[in-house]
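I have placed the structure first, in the form of structure tokens, so that the comments after it can refer back to it.
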2 protein chains.
Amino acid sequence: MVYIGQKKRMVTLNNRDSLLRSASLLFRQKGYHGVALAEILKAADLPKGSLYYHFPGGKRELATEATLSAGRIVERSVSRAFESAGSFAQGMAAFCDVVADRLRSESPVEACPVASILQASTSEPELRDAARTVLTSWSEGLVLQAARLGHPAPHDAADMVLMQMEGAWLLAVAEQSARPFERLGEMYRKGTGI
Amino acid sequence: MVYIGQKKRMVTLNNRDSLLRSASLLFRQKGYHGVALAEILKAADLPKGSLYYHFPGGKRELATEATLSAGRIVERSVSRAFESAGSFAQGMAAFCDVVADRLRSESPVEACPVASILQASTSEPELRDAARTVLTSWSEGLVLQAARLGHPAPHDAADMVLMQMEGAWLLAVAEQSARPFERLGEMYRKGTGI
DNA sequence: CTTTCTATAGACCATATGGTCTACATCGGG
DNA sequence: CCCGATGTAGACCATATGGTCTATAGAAAG
């Protein structure tokens, strides 16, 4: 429970956030259709009533919000990694380190939030919109960073990085290790990146 | 029904293959957990009995075989694209064209067979093995091509290409267009690839 | 105290799902 | 003509799933 603003109005951000966090984690592990509501509810230790109170749209809405929320977290992580970089390649190397560290602490190694939701986008169009929104937002952030750091073709750089990141994430899930990000980071340090 | 070899033994490869094809298509569209057996059966126009005769292991076995089979198809496609290439970058550009062409003919644009199965690998470990097998096999093929074409770091090249391809495929699904592969191909032509 | 609004609690339901099992069709060989 | 092998047909089942609905708890406001 958390008091918001100066009003004494009590807002249960905790439980809503708890649902988002549990959902995000489970979706990344098993994909949208691979997770049952009961499982999310159990992880968050909340009854069904809470879920449908906070997310009247049910599983779809929960997944959408969880994806957008996870997307923002990754985005902040990108900004932070690039902040102190002297070049685009340095920024990428730093970001790869951050993701690799993160993945090393996960078992199983979880998929990219976007990838985990995208699978279901054929049956749930709303999810594709969420995935697209996040990817667009990541791309824009990367374009800005590339431009700021003097990259000659910021748009190409952003596209390429997005591909490499998503690909590396998929390989990491397959191998259940952070190696792909370590190797990608190394390549950027060697100057073999984009 | 198809006669195989000179023996007059009748082998119903058709129905088994039909199941594999329908399954592969649907899994790529909706992911492993997003497809019901009934749907696959309907697409192949076969009853449940046939499925469990050809694949006693049920959905898992069907998905495993479908993934391995689809993996081999992609692998042959890679070999063909690189065959007449004068450099690794040229081969990649050619392969991007092939995939882009292919995706343009699909609606919806379907995910990579590996990606579509990998989501479910947490609950179905057998699927992770299939995904890994395919990825390893692709990687080995790419290493050979890179070495043959005189790439200075064949292993790095293969890794990088795998990341870019999987990433581009994910972006293509999100955008529902072949653009990502067109752009990746362009970059290889411009020499901005690996 | 009572009312009202927020949020939790979970029983309940229609439907979908993967899987099993028995019956049967077809065909080559004896 | 029958027989065994291969493969098809689909009824049937236990279970799981997303979603709805009513009841209730607790704080804030009057």
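Computed from heavy atoms alone, side chains included, the values below leave out hydrogens, waters and symmetry copies.
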Check for a donor-acceptor pair, side chain of [X] on one end and backbone N or O of [Y] on the other, with a separation under 3.5 Å.
X      : Y      : value
A:E124 : A:A120 : no
A:S77  : A:I73  : no
A:E75  : A:W138 : no

For the pair made of [atom1] in [X] and [atom2] in [N], what is the distance, rounded to whole Å?
X     : N      : atom1 : atom2 : result
B:Y52 : D:dC13 : OH    : P     : 17 Å
A:H54 : C:dT6  : NE2   : C1'   : 9 Å
A:F55 : D:dT20 : CZ    : P     : 16 Å
B:L51 : C:dG19 : CG    : P     : 9 Å
A:R16 : C:dA7  : CZ    : P     : 11 Å
A:D45 : C:dA7  : CG    : C1'   : 15 Å
A:K48 : C:dC12 : NZ    : P     : 13 Å
B:L37 : D:dG10 : CG    : P     : 16 Å

Closest to the [X] side chain, choosing from [options]:
X     : options               : answer
B:Y53 : C:dA11, D:dT6, C:dT8  : D:dT6
B:A36 : D:dG7, C:dA11, C:dG18 : C:dG18
B:L46 : D:dA9, C:dA7, D:dG18  : D:dA9
B:P47 : D:dA9, C:dA11, C:dT8  : D:dA9

Base, sugar-phosphate, or nothing: which does A:G49 touch, judged by heavy atoms less than 4.0 Å apart?
base
Check if the side chain of B:K59 and the base of C:dG19 share a donor-acceptor pair of N or O atoms closer than 3.5 Å.
no
Rounded to the nearest 0.5 Å, how far apart are OG1 of A:T192 and CG of B:D156?
6.0 Å
Are A:L142 and B:M163 co-members of a hydrophobic cluster defined by side-chain heavy atoms under 4.5 Å apart?
yes
